[in-house]
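Just below is one structure, and these are the notes that go with it.
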There are 2 protein chains.
Amino acid sequence: MPRAGLNQPTVVREAARLADEVGFGQLTLAALAARLGVALPSLYKHVKGADALAQKLSALATAEIAEEMSAAAVGRAGADALRAVANAYRAYARRHPGRYPAAQRAPDPADPEHLAAGERAVAVVYAILRGYGVTGEPAVDAVRAFRSAVHGFVSLEAAGGFGLPRDVDRSFERLVDGLDIAFRSWPGRDQS
Amino acid sequence: MPRAGLNQPTVVREAARLADEVGFGQLTLAALAARLGVALPSLYKHVKGADALAQKLSALATAEIAEEMSAAAVGRAGADALRAVANAYRAYARRHPGRYPAAQRAPDPADPEHLAAGERAVAVVYAILRGYGVTGEPAVDAVRAFRSAVHGFVSLEAAGGFGLPRDVDRSFERLVDGLDIAFRSWPGRDQS
DNA sequence: GAAGCCGGCTAATGACATTAGCTTTAAAGC
DNA sequence: GCTTTAAAGCTAATGTCATTAGCCGGCTTC
């Protein structure tokens, strides 16, 4: 009987695909094992358990989001960069409806890869804010505002929280416009 | 053997208390039954199942949030009302860490109570926006922006997503200040 | 070619949700 | 006050899932 030849990255990547297909809430070790063609307990040779898998998935998704945010920001600044990065973030969440909620789990402090990925994502926002003259301590608040607004929108959208027929894309544009306005007069920014 | 004397409202209320104590994710029919002093299957006399219970919990939490937002808004207008309602929303989420995530589940269209509660909450925000001269279609975008920003903040905060020591209360104030600025120059508002 | 690591397996256990069907309480009706 | 009956509780059975223990055989390494 030949072996399946699994390893941790393969298992985590397949879990990500499965989560995108069936939803993060329906991601189950049983379904994952079936998908990979092995018996359920075999997965324990690669991941410590369901909880640890979710944590790895969070790390993967965080790294991917950071990567796409970075790519969107390159060669842009100011409102242009803000829009591009916000759009990239939302696009990722829509394209990966299973990975995205996984990424909401806070990093395990013992996983330096995960922590670094989170910091890469945040660094993209810091860089944009520098273009608005927002640096130092006030930038911490501004980064939190960006994350709150964009994550909030994306998660409400995914949950079907927007009932009305009004175009959701336009609402997102307005939200990002609002961030732009707020950052332009953010308290404590450098005067120019 | 005397009866427990349960009914649906009692069961749902106790579920809400339990969820606040152990977290929404750990809310289980087994734990709820133990708490109520009955056998697990007995709960099915009052709720259709775990999923239906979560839905009822969503309706309860939505109604409570709407109530607290309304109360916070009374006698206030403009930025004052905006701050008060945003603070009330966040305070509810912090006080009820189990109920709050339950409320993210979209209403069952067949539950008029739930739908009405959601509309009451949204109506509070519409009323505030009227004070900014934001009405009609643009107000739909503005309400979504409010919900996104506040819900996003609250859920990131609950997930432990804000790593840095920087004061979280201040960040929330800045976020709400940002909403105030954005609403003051919201595209499509009535000119005054 | 032998040794041994390690990736796969089966079996067993335990939590939970759900359904079926029984029993008995407690209230309604006579 | 007795009978009736709807429903609130129960036990038992089933199925899914996660987890742990322990076995076995294939691939790599010497």
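Source: prediction; values computed, not measured. Within every chain, numbering begins at 1; the chains are lettered A, B, ... in the order of the sequence lines, protein sequences first and strands thereafter. Only heavy atoms go into these numbers, but all of them, side chains included; no hydrogens, no water, no symmetry mates.
One interatomic measurement links the two molecules: CG of A:Asn7 to P of D:dT28, which rounds to 14 Å at whole-angstrom precision. Rounded to whole angstrom, the span from the CD atom of A:Gln8 across to the P atom of C:dG7 amounts to 11 Å. With rounding to whole Å, B:Leu43 atom CG is found 9 Å from D:dC10 atom P.
For the OP1/OP2 pair of C:dG8 and a distance below 4.0 Å, the side-chain nitrogens and oxygens of A:His46 include at least one atom meeting the criterion. Side-chain nitrogen and oxygen atoms of B:Ser42 include none within less than 4.0 Å of the OP1 or OP2 phosphate oxygen of D:dA8.
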(request) Begin with the C-alpha distance, continue with both residues' side-chain angles, and end with the deciding distance and a verdict on ring pair (Phe, Tyr, Trp, His ring centres under 6.0 Å) for B:Tyr100 and B:Tyr89. (result) CA-CA 10 Å; B:Tyr100 181 74; B:Tyr89 187 100; 5.7 Å; yes
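Here the OH-CG distance, from A:Tyr132 to A:Asp190, works out to 14.5 Å after rounding to the nearest 0.5 Å. Between the CG atom of A:Asp167 and the CZ atom of A:Phe162 there is a distance of 12.0 Å, given to the nearest 0.5 Å. Separating the CZ atom in A:Arg17 from the CZ atom in A:Arg35 is a distance of 8.0 Å, to the nearest 0.5 Å.
Ion pair A:Glu68/A:Arg95 flagged as a salt bridge, since at least one NZ, NE, NH1 or NH2 atom sits closer than 4.0 Å to an Asp/Glu carboxylate oxygen.
A:Phe24 belongs to a hydrophobic cluster whose other members, connected by ILVMFWY side-chain contacts under 4.5 Å either directly or through intermediates, are A:Leu6, A:Val11, A:Val12, A:Leu18, A:Val22, A:Leu27, A:Leu29, A:Leu32, A:Leu36, A:Val38, A:Leu40, A:Leu43, A:Tyr44, A:Val47, A:Leu53, A:Leu57, A:Leu60.
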(request) Mark up nucleotides 16-23 of chain D, 5' to 3', with B wherever a protein heavy atom is under 4.0 angstrom from a base atom, S wherever such an atom reaches only the sugar-phosphate, and - elsewhere. (result) -SSBB---
